[in-house]
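Letters go in sequence order (proteins before strands), and every chain restarts at 1.
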Amino acid sequence: MQQKLNLYNTLTRKKEVFEPLHAPFVGMYLCGPTVYGEPHLGHARSAVTFDVLYRYLKYLKYKVRFVRNITDVGHLQNDADEGEDKIEKIAKAQKLEPMEVVQHYTNVYHRDLEKLNTLSPDIEPRASGHIIEQIEMIKEILENGFAYEVNGSVYFDVPAYNKDHNYGKLSGRIIEDLLSNTRDTEGQGEKRSPLDFALWKKASPSHIMRWPSPWSDGFPGWHLECSAMSRKYLGDNFDIHGGGLDLMFPHHECEIAQSQASHSHSDAAKYWVHNNMITVNGQKMGKSLGNFINLSELFSGNHQMLEQAYSPMTIRFFILQAHYRSTLDFSNEALQAARKGYTKLMNGLRVLDKIQYPEEGATPDEKLNEELLKLTEDCFRGLNDDMNTARTIASLFNLLKKINSLYLGQLQIGNLTRGTFDTMRETYRTLVLDILGLKEEPLGDQEEMLGLILDFYKEAKEAKAYDKVDVIRAELKKQGIVIKDLKTGTDWAYEE
RNA sequence: GGUAACGUGGCCGAGUGGCUAGGCUCAGCUCUGCAAAAGCUGCUACAGCGGUUCGAAUCCGCUCGUUACCUCCA
C-alpha cells in the first residue's frame, strides 16, 4: 500500500530507493553546530529537515539511531598556521572558560530547537569528549601511509590518498582542478600540498583548548571529529549522513577520505544528504556575511530586517513549505504567508476533532471515496519522493478542503465508508503532527483573556444576574482559578 | 578562473514531455444581524532566442541574468 522512500544521494547524484544496510536498524548522523554563536535560520533549516527524516523513518517502523554532534573544540578560522580559535576568541573577550562559552551556546541551541519542536537526537556527542577516538583514528591513517607529521602537527596527505582513491568523489571535484585553482599559496607552511588538511594541530603557547597526544599538546583537525564519532556510535558503515550543502566540500569530502584512509575503508555513509541554504535577497544567509537572523530574534521580532515576531511553528512551516534541496528566500512577506498557511492547517486539526462518522444511514459514494483516498496517498507520495514536504503540504491542503466541506455539510460524511473516513483522519493527523512535527501554539495572552472574562463577570454582577455570575465562577474554578471580589475591585488568584 | 546549480504568475514555492500543484494577496459569489471562518469562481506563469517532437515550462544548444562551492559556515 505504501510507496518506498526515495532519497537524493549526493554521492551518486541521483534519487535512490532508501534501503537500510541492516534493516530494521537505521543509523543517521547529522553535522551539528559549532557552538560559538547563537543559532540562526540556517541552523533551523538543517535541524528541521533532518528532524522530519528522523520522524518519518520512525513512522516507517525503523529502529533509528540519530546522532548529532556538538562541535566544541576550538577550530581555527582557516587552515593556515596563523588563525584564531573561534571559541577561544569569545572566551578571552568575555573572560570566560572556553567550556563556559560552549555550554552557553549549546543550551541556547537546545532551547531554540525545542521551540521548533525537533526531537532530540539519540546521542549527542561532543568533539571534546572524543579526543582519544580521534587520536586513534589519526594513528590508523598514519599507519596506512596517508598522513605525515611535521613539528608536532599531523596532516592528511591528499595526493598520496588520491593515487588509489578518489578525493572529490562526493563534491564532484577533480584534484588537478583544485590544485590549479588554489587561491592562497601562501601560509601553507608545513603542508606538503595545499590540499592537505590538518588531522592534529600543535597548539601555540597561548592556545587554551589543548590536549596531549603522541605528537604534541594540541587539538584535532576540523573534519576528524565527525569521522571518529560517527564510527564510534554508528559503525564503519552506516546509512545516512546529513548536513548543510556548504559542508559538502571540504568537510564531508574529508570525512570520506579519513574514513577510507583509516581502518574503516568505507565511505562512512551509504546516503549523503544535503540541505540547501536559506537566502536573503538571493544571497546566502551565513555567519561570515553577517546577514543572518538568529532564531531568538525571529521569535521576538527584535531585528531590523523583521517587521514583526514570527512564532516557532511559523518558522517550521516556512521551512517545510519548500523542498529541502532548493534555496529558500527569507522575506517578511513569505513568513507572513507561512503564518496563515500554518494556522489553516491547525484549524483543520480542530475541525477533524469535531466531525464524526454517523452511526447509521451511511450511503457510500464510490467516486468520492476514491477521490479522498487518492488525496491521502498523494500526501505520502510527496514525502516519499525525496522528502518533498512542499508537495506533502500542498496535498494536505487539498485534503483539508474536503475535510472543511464535510464539516460544513457541503459534502456528506455518510457518503464515505468508515475506512475512508478513518484513513483521511489518520493521514491528516499523523502527517501534520507526527511527521511534519507541527503543533498547536498556545493562544495569545491568557491573562488578557481572563481579564475579558472578569469584565463580563463584573457586568453580570452589576446587573444582578446571579445565575450568570455563578456559572462564570464555577467554570473558572474548574480551571483552577478563583475570583476575588475586593472592595477595591475584582481580581483573580490561583485556587489554593 | 574551475565546478555545480538556478531563473515559474503580485509575493512565496512545487512540478520536469501531453492531465488544476499548493499557500499568501486581489476581485466576485454562497453563507452571515454585521463580520469572520469555510466553500465555490476568477485574475496575471513558466528569462530570451533557436532546435528536437504530433506535442515542451519540462529534453538539447546558444544568449542574458542570479547564486553556491573552491577559506570557517547549517
Side-chain angles (χ1 to χ4, degrees), chain A residues 10 13 30-34 36-37 39-50 68 71 75-80 83-86 109 168 171-174 176-184 187 194-195 197 222 242-251 253 274-279 281-289 292 317-345 347-348 350-351 378 382 385 388-411:
Chain A
T10 308
R13 309 251 152 196
L30 174 63
C31 286
T34 303
Y36 71 108
H40 58 70
L41 200 48
H43 294 99
R45 186 171 202 193
S46 196
V48 168
T49 298
F50 289 96
R68 184 183 65 208
T71 298
H75 293 314
L76 301 182
Q77 299 281 14
N78 56 54
D79 205 14
E84 271 180 302
D85 169 336
K86 291 178 283 197
Y109 184 69
S171 53
R173 259 150 248 255
I174 297 160
E176 285 77 18
D177 291 345
L178 286 169
L179 279 169
S180 63
N181 290 309
T182 305
R183 277 184 186 170
D184 187 11
L195 298 184
F197 54 91
W222 340 326
L245 197 59
D246 51 356
L247 295 180
M248 183 170 74
F249 188 90
H251 186 59
E253 196 69 63
H274 293 97
N275 64 278
N276 214 318
M277 303 290 105
I278 301 266
T279 57
N281 297 322
Q283 252 203 338
K284 175 185 166 181
M285 179 182 284
K287 269 228 174 278
S288 45
L289 285 162
F292 59 92
F317 184 89
F318 172 68
I319 289 168
L320 294 177
Q321 216 180 7
H323 183 62
Y324 75 92
R325 284 196 292 119
S326 300
T327 53
L328 173 57
D329 201 52
F330 161 87
S331 71
N332 279 283
E333 233 180 337
L335 280 172
Q336 281 152 14
R339 173 75 212 173
K340 295 196 178 183
Y342 156 73
T343 310
K344 199 168 190 170
L345 230 39
N347 281 334
R350 305 193 61 243
V351 165
D378 282 349
D385 184 10
N388 197 327
T389 50
R391 271 175 60 194
T392 296
I393 288 175
S395 303
L396 282 171
F397 278 121
N398 285 330
L399 190 60
L400 179 59
K401 273 189 186 169
K402 300 294 175 194
I403 292 170
N404 278 324
S405 295
L406 290 166
Y407 174 56
L408 291 176
Q410 291 163 340
L411 290 173

- Item | Side-chain donor or acceptor of Asp385(A) paired with backbone N/O of Asn388(A) under 3.5 Å |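 No.
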
- Short side-chain to backbone donor-acceptor contact, Arg45(A) and Ile319(A), under 3.5 Å: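 Absent.
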
Categorize [X] for me: base, sugar-phosphate, or nothing, with a 4.0 angstrom heavy-atom threshold over every strand shown.
| X | answer |
| --- | --- |
| Gly42(A) | base |
| Met248(A) | nothing |
| Ala394(A) | base |
| Ile278(A) | base |

Roughly how many Å is it from [atom1] in [X] to [atom2] in [N], rounded to a whole number?
| X | N | atom1 | atom2 | result |
| --- | --- | --- | --- | --- |
| Leu178(A) | rG2(B) | CG | P | 14 Å |
| Met285(A) | rC69(B) | CE | P | 14 Å |
| Asn388(A) | rU16(B) | CG | P | 9 Å |
| Arg391(A) | rU20(B) | CZ | C1' | 15 Å |
| Asp329(A) | rC24(B) | CG | C1' | 15 Å |
| Leu411(A) | rU30(B) | CG | P | 20 Å |
| His274(A) | rC73(B) | NE2 | P | 12 Å |
| Glu333(A) | rG10(B) | CD | P | 13 Å |

- In this structure, are over 12 heavy atoms from other groups packed under 6.0 Å from Phe249(A) atom CZ?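 It does: Phe249(A) CZ has more than 12 such atoms within range.
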
- Task: Evaluate whether atom CZ of Arg13(A) has more than 12 neighbouring non-hydrogen atoms of other residues, nucleotides or ligands under 6.0 angstrom away.
- Result: yes

Could you identify the nucleotide paired to [N], looking across every strand shown and requiring Watson-Crick or G-U wobble geometry with both distances under 3.5 Å?
| N | result |
| --- | --- |
| rA27(B) | rU41(B) |
| rG17(B) | none |
| rG22(B) | rC12(B) |
| rC59(B) | rG51(B) |
| rU32(B) | none |
| rU66(B) | rA5(B) |

- Within the structure, does a side-chain N or O atom of Ser171(A) lie under 4.0 Å from either OP1 or OP2 of rA4(B)? no

- Taking only the side-chain nitrogens and oxygens of Lys284(A), find out if one of them lies under 4.0 Å from OP1 or OP2 of rC69(B). yes

- Item | Nearest-nucleotide 5' precedence on RNA chain B, His251(A) against Leu289(A) |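 Between the two, 5'-proximity favours Leu289(A).
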
- Per nearest nucleotide of RNA chain B, the residue lying toward the 5' end, His40(A) or Arg13(A), is Arg13(A)

With [atom1] as the reference atom in both, quote the distance from [N] to [M] in angstrom, rounded to an integer.
| N | M | atom1 | answer |
| --- | --- | --- | --- |
| rG42(B) | rG22(B) | P | 12 Å |
| rC26(B) | rA14(B) | C1' | 22 Å |
| rG7(B) | rG48(B) | P | 13 Å |

State which of [options] makes the closest approach to the side chain of [X].
| X | options | answer |
| --- | --- | --- |
| Arg173(A) | rG2(B), rA14(B), rC24(B) | rG2(B) |
| Asp385(A) | rC24(B), rA74(B), rU16(B) | rU16(B) |
| Asn398(A) | rA21(B), rA14(B), rA74(B) | rA21(B) |
| Gln321(A) | rG22(B), rA74(B), rG13(B) | rG22(B) |
| Gln283(A) | rA14(B), rU67(B), rC73(B) | rU67(B) |

- Query: Who passes salt bridge (Lys or Arg N to Asp or Glu O under 4.0 Å) against Arg68(A), sequence neighbours left out?
  - Reply: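 For Arg68(A) the salt bridge (Lys or Arg N to Asp or Glu O under 4.0 Å) partners, ignoring immediate neighbours, are Glu124(A).
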
- Query: What residues form a salt bridge (Lys or Arg N to Asp or Glu O under 4.0 Å) with Arg173(A), not counting sequence neighbours?
  - Reply: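 With sequence neighbours excluded, Arg173(A) shows a salt bridge (Lys or Arg N to Asp or Glu O under 4.0 Å) to no residue whatsoever.
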
- Task: Using only heavy-atom distances, determine whether the side chains of Ser46(A) and Asn275(A) contain a donor-acceptor pair under 3.5 Å.
- Result: yes

- Item | Student check: side-chain heavy atoms of Phe330(A) and Leu335(A) closer than 4.5 Å | yes

- Query: In terms of ring plane angle, is the pair Phe292(A) and His40(A) parallel, tilted or perpendicular, where the classes change at 30° and 60°?
  - Reply: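 The rings of Phe292(A) and His40(A) sit tilted, inter-plane angle from 30° to 60°.
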
- In B/S/- notation, 5' to 3', how is nucleotides 34-42 of chain B contacted by protein heavy atoms closer than 4.0 Å? ----SSS--

